[in-house]
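In this chain, residues are counted from 1 in sequence order.
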Amino acid sequence: MGNKIADIGRMKSMIDSENRLRVGGFKKTAKLGTETNPAVVHVRTEARLKEVSALFNERGWKYKVGLEPDKPEDITALERLLNPPKPKRVEKRLGRNEPCSCGSGKKYKICCGE
């Protein structure tokens with residue numbers, strides 16, 4: 001005979017862990033330039049098409065190129081692959097009981113933290 005309160009606690013934590021994955025509403029997408037998520041690029045000329053295709057083939061990325069002479073060129077997917085975004089660094093926040101950054105010598109919560 002098990003402890004019923006402990007069993008309920010385990011069940012609750014299992015349910016919470018499943019719901020935590022759904023709360024953000026984030027859907028994981030495949031990496032850009034793969035079979036499941038190819039890079040989509042639109043160019044205006046045949047020469048540009050060959051140039052862009054050579055770049056993709058050189059690096060082994062999967063892609064779809066559209067030749068549309070009357071529309072503006074769109075190579076944002078290629079630019080994202082060539083220059084991936086850097087992770088952002090978050091500035092360290094002051095704690096309530098640390099000295100204030102303004103130099104007054106008071107605690108942050110009393111001086112600028114209110």
Side-chain angles (χ1 to χ4, degrees):
M1 199 156 133
N3 186 348
K4 292 183 181 181
I5 294 174
D7 292 342
I8 292 171
R10 265 188 245 120
M11 287 172 40
K12 185 177 179 190
S13 66
M14 287 172 32
I15 293 169
D16 287 345
S17 66
E18 290 174 9
N19 289 337
R20 264 185 252 129
L21 297 174
R22 292 189 210 124
V23 168
F26 300 109
K27 188 174 184 182
K28 190 171 183 178
T29 58
K31 185 177 176 182
L32 186 62
T34 59
E35 280 292 329
T36 55
N37 189 16
V40 179
V41 176
H42 300 285
V43 293
R44 296 181 87 172
T45 63
E46 191 72 34
R48 185 69 171 146
L49 181 118
K50 290 178 183 176
E51 180 184 335
V52 169
S53 298
L55 274 171
F56 279 114
N57 289 329
E58 181 181 307
R59 290 174 171 83
W61 295 323
K62 304 298 178 194
Y63 63 96
K64 292 181 183 177
V65 179
L67 183 62
E68 298 172 352
D70 24 322
K71 291 187 179 178
E73 187 172 271
D74 178 24
I75 59 167
T76 54
L78 176 60
E79 290 171 353
R80 271 192 23 221
L81 284 169
L82 290 172
N83 304 313
K86 303 279 187 254
K88 294 181 182 176
R89 292 240 158 168
V90 179
E91 191 175 309
K92 186 182 174 195
R93 292 183 56 198
L94 283 176
R96 287 177 41 82
N97 290 318
E98 293 180 21
C100 190
S101 60
C102 71
S104 67
K106 297 179 181 179
K107 289 184 180 183
Y108 176 73
K109 68 180 179 183
I110 294 172
C111 184
C112 296
E114 295 187 43

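- Contact between K106 and C111 at its shortest, heavy atoms only, is CB-CB, 4.0 Å.
- The list of ring pair (Phe, Tyr, Trp, His ring centres under 6.0 Å) pairs with a residue in residues 64-104, not counting sequence neighbours, is empty.
- Screening residues 79-95 for side chain to side chain donor-acceptor pair (under 3.5 Å) gives no qualifying pairs among residues at least two apart or on separate chains.
- For S101, the side chain to side chain contact (heavy atoms under 4.5 Å, CB included) partners at least two apart in sequence or on another chain are L94.
- From R44, atom CZ reaches atom CD of E68 across 10.5 Å, with rounding to the nearest 0.5 Å.
- Taking a 4.5 Å side-chain heavy-atom cut-off between Ile, Leu, Val, Met, Phe, Trp and Tyr, the cluster of V90 contains only that residue.
- N37 is not listed as a side-chain neighbour of K31, based on a closest heavy-atom distance of 4.5 Å or more.
- K64 and P38 get closest at one heavy-atom pair: CE-CG, 3.9 Å.
- Sorted by first then second residue, the ring pair (Phe, Tyr, Trp, His ring centres under 6.0 Å) pairs that include residues 77-96, not counting sequence neighbours, number zero.
- Judged as a side chain to side chain contact (heavy atoms under 4.5 Å, CB included), and not counting sequence neighbours, A54 has no contacts.
- If you chain together ILVMFWY residues whose side-chain heavy atoms come under 4.5 Å of each other, L55 ends up grouped with L32, V41, V43, L49, V52, F56, W61, Y63, V65, L67, I75, L78, L81, L82.
- For K62, the salt bridge (Lys or Arg N to Asp or Glu O under 4.0 Å) partners are E35, not counting sequence neighbours.
- Scanning all heavy atoms of the two residues, the minimum distance from K107 to R96 falls at CB-O, 4.1 Å.
- Looking at residues two or more places apart in sequence or on another chain, you find a salt bridge (Lys or Arg N to Asp or Glu O under 4.0 Å) between E51 and R48.
- For D70, there are no side chain to side chain donor-acceptor pair (under 3.5 Å) partners at least two apart in sequence or on another chain.
- For the side chain to side chain donor-acceptor pair (under 3.5 Å) test, residues two or more places apart in sequence or in another chain that qualify with T76 are D74.
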